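Below is one structure, written out as C-alpha cells; comments come after it.
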Amino acid sequence: MAHYNFTECKTLENGATLTRRVYETLREEIVAGQFDPGERLVRRSLGKRLGVSPMPVTEALHMLEVDGLVENRALYGSRVRVLTIEDLRTDEVLREAMECQAARMGAERAGDAELGRLGSEARQLDRLMRDGDPESRLGMHLHLEFHARLAQLSGLERLADEVRRVWSRLLMRLNWIKALRYRKVPEDWHQQLVDAMRTRNPDVAETKMREHVRYGIEDDVAALEEYLKRRRLQSDG
C-alpha cells in the first residue's frame, strides 16, 4: 500500500481539501482491491499511515460511504463494503438505466467536437484493450472515465457523477474476485458507441449502449458466486 504524508498540504493547488486528498487515496486503494471485503477501516491507523489527524479520515470515510464503497456498523465502525450478488445485480440495473439514457441524450445534445474528443478516447481505450493490459490501473481509469465522459454529454453533470460511483463499485468487485479479465470484443468496441451517437438517433444510441452494458454480466455474476463459495468454504474450514 502506498504511503503518503499530507501534513503540510491543508489545501491543494486545485482547491481540493485535505479531506478530498485522503478520500481519493482511500478510494483508489479500495477500488484496486488493496483492502479485503469487510475489512475494518480504523481511523487512527489510517490517519497515522497517511500522516493526518483522524478528522479528515472520518470525513473521507463518510464520503466513501455515500459512494457505496464503505459501510458503517454500530459498535463496529467503518469497514469496506462486503460482496453480495444483490448489490452486483442492482448496480448493473442502475448502470444500464443511466448509461442508456445518457447515450440517448448525448446523441441529441452533444456537439460534433465533443463527439470527436470522445471518439479519440474510445480509440485509445480500444487500443489498450487490444494491445495492452486492461487490468492495469491505467486501463481501469480510462474505462471508468470514458463512460463518465459519455454521460457528461447528456448535459447532466450529476448523472456523470452517479455513473462514476457505479463504475467504482463494479471495478472494486471485479478486482476483489479477480474477474477483470480480458473478454474478446470487437476491436472498435467503444468506438461503436460513439458512432451510434453520431447518427443523432437516440434509439440507435440506446440500443448499442444496452448491448454494450449487458455484455458479460452473467460471467461477472458467476465469478462472484464462485468467489463467495470459496470464501464460505475457507471460513468453514
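Computed from a prediction, not measured in an experiment: that's the story for all the values here.
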Is the closest side-chain heavy-atom distance between [X] and [Y] below 4.5 Å?
X	Y	result
Val185	Met129	yes
Trp176	Val80	yes
Leu170	Glu92	yes
Arg164	Glu145	yes
Glu225	Val221	yes
Phe146	Val194	yes
Arg81	Val70	no
Glu206	Met209	no

Look only at the side chain of [X] and the backbone of [Y], and say whether a donor-acceptor pair between them is shorter than 3.5 Å.
X	Y	result
Ser45	Leu41	no
Asp126	His190	yes
Asp67	Arg165	no

Let me check something: do [X] and [Y] share a hydrophobic cluster, defined by ILVMFWY side-chain heavy atoms less than 4.5 Å apart, either directly or through other members?
X	Y	result
Leu18	Met55	no
Ile85	Ile217	yes
Val204	Trp189	no
Val42	Met63	no

* To do: Evaluate the side-chain contact (heavy atoms from CB on, under 4.5 Å) criterion for residues Arg231 and Leu83: first the C-alpha distance (whole Å), next the side-chain angles of each, then the deciding distance (0.1 Å), finally the verdict.
  => CA-CA 11 Å; Arg231 295 270 295 191; Leu83 295 169; over 6 Å; no
Can you name the nearest heavy-atom pair linking [X] to [Y], along with the distance?
X	Y	result
Ala102	Ala151	CB-CA, 3.7 Å
Asn175	Ala32	ND2-CA, 3.8 Å
Ala148	Ala160	O-CB, 3.5 Å
Leu125	Gly139	CD1-O, 4.3 Å
Ala196	Ala205	CB-CA, 4.0 Å
Arg109	Ser154	NH1-O, 2.8 Å

Got a second to check how far [X]'s [atom1] is from [Y]'s [atom2], nearest 0.5 Å?
X	Y	atom1	atom2	answer
Leu142	Glu121	CG	CD	8.0 Å
Asp161	Gln152	CG	CD	8.0 Å
His141	Glu28	NE2	CD	9.5 Å
Gln101	Leu156	CD	CG	8.5 Å
Glu114	Leu150	CD	CG	11.0 Å

Among all residues two or more places apart in sequence or in another chain, which pass the salt bridge (Lys or Arg N to Asp or Glu O under 4.0 Å) test with [X]?
X	result
Asp203	Arg104
Glu218	Arg89
Asp112	Arg200

Only pairs at least two apart or in different chains count here, so list each salt bridge (charged side-chain N to carboxylate O under 4.0 Å, His left out) that has a residue in [range].
range	value
residues 50-65	none
residues 185-196	Asp195-Arg198
residues 150-160	none

* Asked: Taking it one step at a time, do Glu71 and Arg73 satisfy salt bridge (charged side-chain N to carboxylate O under 4.0 Å, His left out)?
  -> CA-CA 7 Å; Glu71 56 189 2; Arg73 290 290 181 268; 3.3 Å; yes
* Evaluate the criterion side-chain hydrogen bond (donor to acceptor under 3.5 Å, both in side chains) for residue pair Ser168 and Arg27; output intermediate values, then yes/no. => CA-CA 9 Å; Ser168 293; Arg27 177 178 173 274; 2.6 Å; yes
* To do: For the pair His212 and His147, name the ring-plane relationship: parallel under 30°, tilted 30 to 60°, perpendicular over 60°.
  => tilted
* Can you check side-chain hydrogen bond (donor to acceptor under 3.5 Å, both in side chains) on Trp167 and Glu99, steps first, answer last? -> CA-CA 11 Å; Trp167 263 92; Glu99 294 208 61; 3.0 Å; yes
* Carefully, step by step, assess Glu39 and Arg79 under the rule salt bridge (charged side-chain N to carboxylate O under 4.0 Å, His left out). => CA-CA 5 Å; Glu39 182 173 345; Arg79 67 177 183 178; over 6 Å; no
* Stepwise, does the side-chain hydrogen bond (donor to acceptor under 3.5 Å, both in side chains) test hold for Asp87 with Thr84? -> CA-CA 5 Å; Asp87 280 351; Thr84 70; 3.3 Å; yes
* To do: Take Arg210 and Thr207 through the side-chain hydrogen bond (donor to acceptor under 3.5 Å, both in side chains) test and state the conclusion after the steps.
  => CA-CA 5 Å; Arg210 197 175 306 280; Thr207 297; over 6 Å; no
* Is the closest basic N to carboxylate O distance between Glu226 and Lys229 below 4.0 Å? -> no
* Asked: Can Arg169 and Leu94 be said to form a side-chain contact (heavy atoms from CB on, under 4.5 Å), step by step?
  -> CA-CA 12 Å; Arg169 295 194 295 270; Leu94 288 172; 4.3 Å; yes
* Asked: How far apart are the C-alpha atoms of Arg20 and Thr17, what are their side-chain angles, what is the distance that settles it, and do they pass the side-chain contact (heavy atoms from CB on, under 4.5 Å) test?
  -> CA-CA 5 Å; Arg20 184 74 187 183; Thr17 63; 3.7 Å; yes
* To do: Dump the intermediate steps for side-chain contact (heavy atoms from CB on, under 4.5 Å) on Leu115 and Leu153, then the final yes or no.
  => CA-CA 8 Å; Leu115 288 175; Leu153 298 187; 3.8 Å; yes
